[in-house]
Amino acid sequence: MASDAQVPAKRFINLERLVRPALAVLVAAFVLWRLWDVVMVQKAYGGDTWVRFAISGLILGGVYAVIALGYTLVYGILFMINFAHGDVMMLGAFAGYFTLEAFKSTGVLDASLFSGILAVVAAFAVGMGSASLIAVNLERIAYRPLRTAPRLVPLISAIGASLVLQNAAQLMFGAARHTYANPAILDRNAGWQVMISGKPVLVSYTGVLTFVMSILLMVGLYVLVQRTKIGKAMRAVAEDKQAAALMGIDVNRVISSTFVISGALAGAAGVMWGLHMGIIYHYVGFLPGIKAFTAAVLGGIGNIPGAMLGGIALGVMEALGPAVLGLPFQLKDVLAFSILVLVLIFRPTGLLGEVLARKKA
Amino acid sequence: MAMLEVRGVHTYYGNIHALKGVSLYVAKGEVVALIGGNGAGKTTLLNTISGILKPREGTIWLEGERCDSVPPHDIVRMGIAQCPEGRRVFSRMSVRENLEMGAYIRADREGIERDIEHVYDLFPVLRERRKQVSGTLSGGEQQMLAMGRALMASPRIILLDEPSMGLAPMLVETIFDIVREINQRGTTVLLVEQNARMALTVAHRGYVIETGNIALEGPAAELLENPRVKEIYLGENPAPPA
């Protein structure tokens, strides 16, 4: 019996050894062929277009990275994917939207340069604050009671929470699309003109703001986690909750703080999304949420620099990919998720997933 | 008044009755050894004292203050630090960060710096490796780090769970020398060990725990001479084969 059982297993391993390299060669060959065809043979795009793609990729990547950090922080501590994270971002976007609407309806929005800046700062503050609040309560209500349950259970709860948040938003704000009221200083069509190979390329103010803001948030988070007491406590809890409790760390409080931070990041991403993309609705968190999850896996889930790298990389690949591969641009989402599948097949630990092992060697 | 007093504690894991009315005390300034075999309830008792497990019956007192059913993070604040079984250092954090985590409940920056230096003096190898990720330390170094980390809380009493487990004989001696030194510096110690001989050599008094009950207790020197302890825990005078 024992030998019978071993035969299919053996065959499977051989298949595995054969299929993975073959798949790798196929994928690489396809990418190289398309790259060669598009860039060298067809010369489909001029330098200005490539720069335009790259810029939009970096901006998108910055937003993905900020959202991905929230996934990775929570995963690092609770070993669960917070599938409601994208919807926390959506609610943060709405909070920012209503803040800007308030400024607009009182006529203060464009009263002066200062009031415009104030409105944007307030939108970020309110967006981040309310998203934090939602994230903390989400953990209290949907995840904490399931802390000791098998790992699949909080995952299902997270999907449920995601649906609840989406539908609550639809009930509260309607299914219509809402246009973000940017102050005049942050007009979505305004920006700097840069000449690339004789053609103007627009670098929008909102894009620059989004990118700079995401870099600042990433640096801030990194410093927080590496240097501050609460950040170190988060790392300790992530490694060993019981040992952390024996150090006098209130594990529940640290988990709540993690959700505060992850919620604030999602809220900031939501406001950036609104300011830069212009349109939000109750479903707006879903796709960026799942893309950011992909980014977190790409970088190595649970790994903070990995989430940053994965986010930027995914954004750039999504923006350049269809052009590089000569595919229709509607396929950019397919491309992003194909990357997820390829990462899971070839490097399940992600790009930076084995830093410790390498340090050990 | 005893530093730590456990009175008739019953602890359960679900339906498993792990501690069946354990009572013991540790006087201020003492080293008390708790010896027993696998599954006797040694770690269960420490985790009950530390608040990780709640006793179903019985009480625990720290210098007259009741401390059962206090959450673990507040137990540390009350002055009970535990160095857990299997070291449990934060392997992705540096040696220094581990020590900082030990001092998590404290806010006196200068005192913390001074105590980190004390720990480095106690374990010079940790000073050399202070920036190293602690997962890369050897087993003995990790044990030293775990003990130093528990000391960083500047506890009134330190609970050491199997500090000699899995260490080379020479290191075991070093570890027990350090237990003695920690005690001489004024910290009360409750030492849980399978290595009964070493534990009873260091300790003033000892308890023997068997299947959730205290089976024997007395001064360490007497326990070392007790025939039953000798037979079961010291491996001397083995019973003739039946």
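Per chain, numbering begins at 1; letters A, B, ... match sequence-line order.
Applying a 4.5 Å heavy-atom cutoff, the residues of residues 68-75 of chain B that approach chain A are B:Pro72, B:His73. By a heavy-atom distance cut of under 4.5 Å, not one residue of residues 130-143 of chain A is near chain B.
Around atom OH of B:Tyr120, more than 12 heavy atoms belonging to other residues, nucleotides or ligands sit under 6.0 Å away. Crowding of A:Arg227 atom CZ: a count of heavy atoms from other residues, nucleotides or ligands under 6.0 Å not exceeding 12. Counting non-hydrogen atoms of neighbouring residues, nucleotides and ligands closer than 6.0 angstrom, the CZ atom of A:Arg253 reaches no more than 12 such neighbours.
In this structure, A:Glu239 CD and B:Met93 CE are separated by 7.5 Å, a value rounded to the nearest 0.5 Å. Atom-to-atom distance recorded for B:Asn47:CG and A:Leu246:CG is 6.5 Å, nearest 0.5 angstrom.
Heavy atoms of B:Arg87 lying under 4.5 Å from chain A are absent altogether. When heavy atoms are compared at a cutoff of 4.5 Å, B:Arg88 approaches chain A by way of both its backbone and its side chain. Looking at B:Glu100, the atoms closer than 4.5 Å to chain A (heavy atoms on both sides) all sit in the side chain, from C-beta outward.
A side-chain donor-acceptor contact under 3.5 Å links A:Lys229 to the backbone of B:Tyr104. Using a distance-only test at 3.5 Å, with no hydrogens or angles considered, no donor-acceptor pair links the side chain of A:Gln242 to the main chain of B:Ile52. Panel note: side chain B:Glu97, backbone A:Lys232; no donor-acceptor pair is recorded below 3.5 Å.
In this structure the side chain of B:Met101 reaches within 4.5 angstrom of the side chain of A:Ile249, judged on heavy atoms.
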